Undergrad: 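Quick one: structure below, then a few questions.
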2 protein chains.
Amino acid sequence: MEGFELDDRKKRILKAVIDEYIETREPVGSRTISKLPDMGYSPATIRNEMADLEDMGYLTQPHTSAGRIPSDKGYRFYVDKLIKFEEKLGFEPTAKELGDVKASVQREIGEMTDQIRVASELISRLTEYTSIAVTGTAGGTRRIKALQIVPVEPGKALSVIVLDDDAVLNSVIQHDSSIGPEMLMKVSTHCNLLFAGHRVEEINMDMIDSVSEATGVARTALMPVVDGLFECIKKAENTEIHTEGAVKLLSHPEFSDVGKAKGILELINREDLMVDLIKECSTSDGLVIRIGSENKIEGLNECSVVTATYSVNGVNLGSIGVLGPTRMDYPRVIAALEYVRKRLVGGELPGGNALPEGELPGGAAVRNEGVLGAE
Amino acid sequence: MEGFELDDRKKRILKAVIDEYIETREPVGSRTISKLPDMGYSPATIRNEMADLEDMGYLTQPHTSAGRIPSDKGYRFYVDKLIKFEEKLGFEPTAKELGDVKASVQREIGEMTDQIRVASELISRLTEYTSIAVTGTAGGTRRIKALQIVPVEPGKALSVIVLDDDAVLNSVIQHDSSIGPEMLMKVSTHCNLLFAGHRVEEINMDMIDSVSEATGVARTALMPVVDGLFECIKKAENTEIHTEGAVKLLSHPEFSDVGKAKGILELINREDLMVDLIKECSTSDGLVIRIGSENKIEGLNECSVVTATYSVNGVNLGSIGVLGPTRMDYPRVIAALEYVRKRLVGGELPGGNALPEGELPGGAAVRNEGVLGAE
DNA sequence: TGTTAGCACTCTTCGCCGTCGAGTGCTAAC
DNA sequence: GTTAGCACTCGACGGCGAAGAGTGCTAACA
């Protein structure tokens, strides 16, 4: 909108200011920037440029005689156009940590969600921010692999379902006690035969009728069993959420006010809100960044959330969101999320393996889905 | 040790000081106590008594010209001798909340630990402190109720075990793929027959041999299956921990320093430490109170922990600990824990239903297991 | 025309200091 | 044994001035 974007020098200065501010959390003055190697302008020049950037809304001033700090719009421009996609982790993340991740991917049947949780822990450790993992966005894409009804006591049984991503679900069935254990086993076998390989929503009354016919159990008597199965499956659709490193937020000076910190931590504990927050971004593969006021949740206005959605072979594993102060080390967070993607999913980024080159230094592989797009 | 305990007036004053301090968190002065209804002494008298109490170690002074605050020893005397056991909840805890607790006790097969978790949530809500629930102290007392091996794919199966407290466990079995699904079912049936009703540690090689014999599966081929079962059972013994309302600590002014708050919250997240902390007290039925420096965990010196262990029909369900600042509303916490016990376990306190009468006003039903006993 | 040096100005931070008030300990009177 | 009175202590609070960082503007410079 304003002219043709920013000229090169303004970009360099803006990037320098934000980098500096992310590192120090101090409002940054013209002198600091001027003394940076490769800058080569006097404080006065920088001052003029900074005043311009402030007019354009990329920077703000806490008070008249302080340095500048980035605005949400400034951060947005920064993540969209200024940061290189670079391995900014600084170290090869302790091989065995990654080992954990890989191992839990392939290891065994069990809660498939484990791997996302482990990845989330790793990411929190790598970034020193809070990491929120949400699984169960799979919706109706998963298929039933095996199914078994286990008699427990008269009138009570347990349904166990294994899905094609190896998630194991179980749920209790309260059934007509006229159905004996042997009969239940028969029902179990037939259901297994019929349902295996199907998606949950494909199960219909015809199939149930067919089970009724084959086993000789009346449909009415069969219904509680089927209901039990459905309940079990419904459970499967329930999203699970796992939060890692919430306390780490307290390390950051922006939350040195206990009241503020408490507010944020309480929000983080609100599972419904967090699920919405993370899921909202999981429609698209790749990274989504929400900066400050771009977050719809009031009270998260001083926070940023970076979300990545992971899927393997088209099966959605879940999403991981990193939550930190607006003054977040975005390059590091992005690097961490992508690093885990590479190791977890197998090296293929959704849009191809190489990242698209952006402008200026290297361009970020970041989809701009924020509310405040570049204008 | 010092003379014969405290005389009646000193007790009244000490109780008044601690009550007041718990309520206001301000050092309490002689004037405040003097003006209390039913006190009937001038500030000067109170002052003398308070000076005595300070000499005896029950009170301390933050600085010369401030009021008195209780020492750990003061709190210890308070919980041991001064507080009445009274329903200090202030309200009938929202019937439906308790409904939840009761319902989850009887309702259904599922993780037995659910009920302790629900109770823990309730307690945290009632007390406004952090509540930590630890389950799995059951050790070897549980029996196998039903057992089933579910074939999943060649070489892979899932073992599902239901224990007599209705806990459901499952674990993956990697077995010799020469054992087909039908054979597995046969093994499953025989294992179920043999193991049901037994305690885990009662399973021995003879039983396994007998299964091998009955099914015709070689013992060597059977071993992976049995190992899988054992692993599943081992899982059962693992303690689970659930923390509720950790953020609530931030509401209390003693944690208004972020650094301090962070330290405590990090400790709370250390599951190993918390399990030890809670379990350590769970040897005895009833309540155990740890005040300030009585806690062995450094960093919890300004906190108190009140722990209750719950068991029904001799089966240990688990323990719930309430963690808060030393300046904790002990009567309320005790009342909450006992209230839940009554509703959860069925009204019987371990030592009989009526609480033993202590001295002074009503005597507390609290076991003194603290490090600093009354001297 | 773009860049820079210089300068006056603004605004926050920090330490200093005196006042205020709550609370104490001690003594003497009741 | 209890209480009134009083001098004393010590932290909390607010005003004040110095220090320092950073700005915006103007004028000089290449």
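These figures come from a predicted structure and were not determined experimentally. Each chain gets a letter, A, B and so on, in the order the sequences are listed, and its residues count up from 1.
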Undergrad: Is B:Glu266 salt-bridged to B:Arg270, cutoff N-O under 4.0 Å?
TA: no
Undergrad: Check the distance between D:dT23's P and A:Leu53's CG and give it to me in whole angstrom.
TA: 13 Å
Undergrad: Tell me which nucleotide among D:dT2, D:dG24, D:dG11 gets nearest to the side chain of B:His63.
TA: D:dG11
Undergrad: Is the closest basic N to carboxylate O distance between A:Glu254 and A:Arg25 below 4.0 Å?
TA: yes
Undergrad: On the nucleotide D:dG11, are OP1 or OP2 found under 4.0 Å from the side-chain N or O atoms that B:Thr64 carries?
TA: no
Undergrad: Can a salt bridge be assigned to the pair A:Glu244 and A:Arg125 using a cut-off of 4.0 Å between side-chain N and carboxylate O?
TA: no
Undergrad: Does C:dG23 pair with anything, Watson-Crick or G-U wobble, both distances under 3.5 Å, and if so, with which nucleotide?
TA: D:dC8
Undergrad: Report the distance from atom CD1 of B:Ile46 to atom P of D:dG1, rounded to the nearest whole Å.
TA: 16 Å
Undergrad: May I have the distance from B:Arg31 (atom CZ) to C:dG21 (atom P), rounded to whole angstrom?
TA: 14 Å
Undergrad: Less than 3.5 Å between a donor and an acceptor, one on the side chain of B:Arg47 and one on the base of D:dG5, is that the case here?
TA: yes
Undergrad: Strictly by Watson-Crick or wobble contacts shorter than 3.5 Å, is anything paired with C:dA28, and which nucleotide is it?
TA: D:dT3
Undergrad: Just the rounded figure in Å: distance from C1' of D:dG1 to NZ of B:Lys10.
TA: 12 Å
Undergrad: Rounded to the nearest Å, what distance is computed from the OH atom of residue A:Tyr41 to the P atom of nucleotide C:dT3?
TA: 6 Å
Undergrad: Figure out the CE/P separation between A:Met50 and D:dC25, and round it to whole Å.
TA: 15 Å
Undergrad: For B:Asp52 and C:dC26, give me the distance from atom CG to atom P, rounded to whole Å.
TA: 11 Å
Undergrad: Would you please confirm or rule out a distance under 4.0 Å between OP1 or OP2 of D:dG24 and any side-chain N or O of A:Arg68?
TA: yes
Undergrad: Nearest-nucleotide wise, let me know which of A:Asn48 and A:Thr32 is further upstream toward the 5' end of DNA chain D.
TA: A:Thr32
Undergrad: Nearest-Å distance, CD (A:Gln61) to C1' (D:dA21)?
TA: 12 Å
Undergrad: How do A:Pro27 and B:Glu49 order along DNA chain D: which one's closest nucleotide is nearer the 5' end?
TA: B:Glu49
Undergrad: Return the orientation label for the A:Tyr330 and A:Tyr75 ring planes: parallel under 30°, perpendicular over 60°, tilted otherwise.
TA: tilted
Undergrad: With A:Leu53 as reference, evaluate A:Leu6, A:Thr60, A:Asn48, A:Val17 under the side chain to side chain contact (heavy atoms under 4.5 Å, CB included) test and give the passing residue.
TA: A:Leu6
Undergrad: Report yes if a donor N or O on one partner sits less than 3.5 Å from an acceptor N or O on the other, where the partners are the side chain of A:Ser65 and the base of C:dT10; otherwise report no.
TA: yes
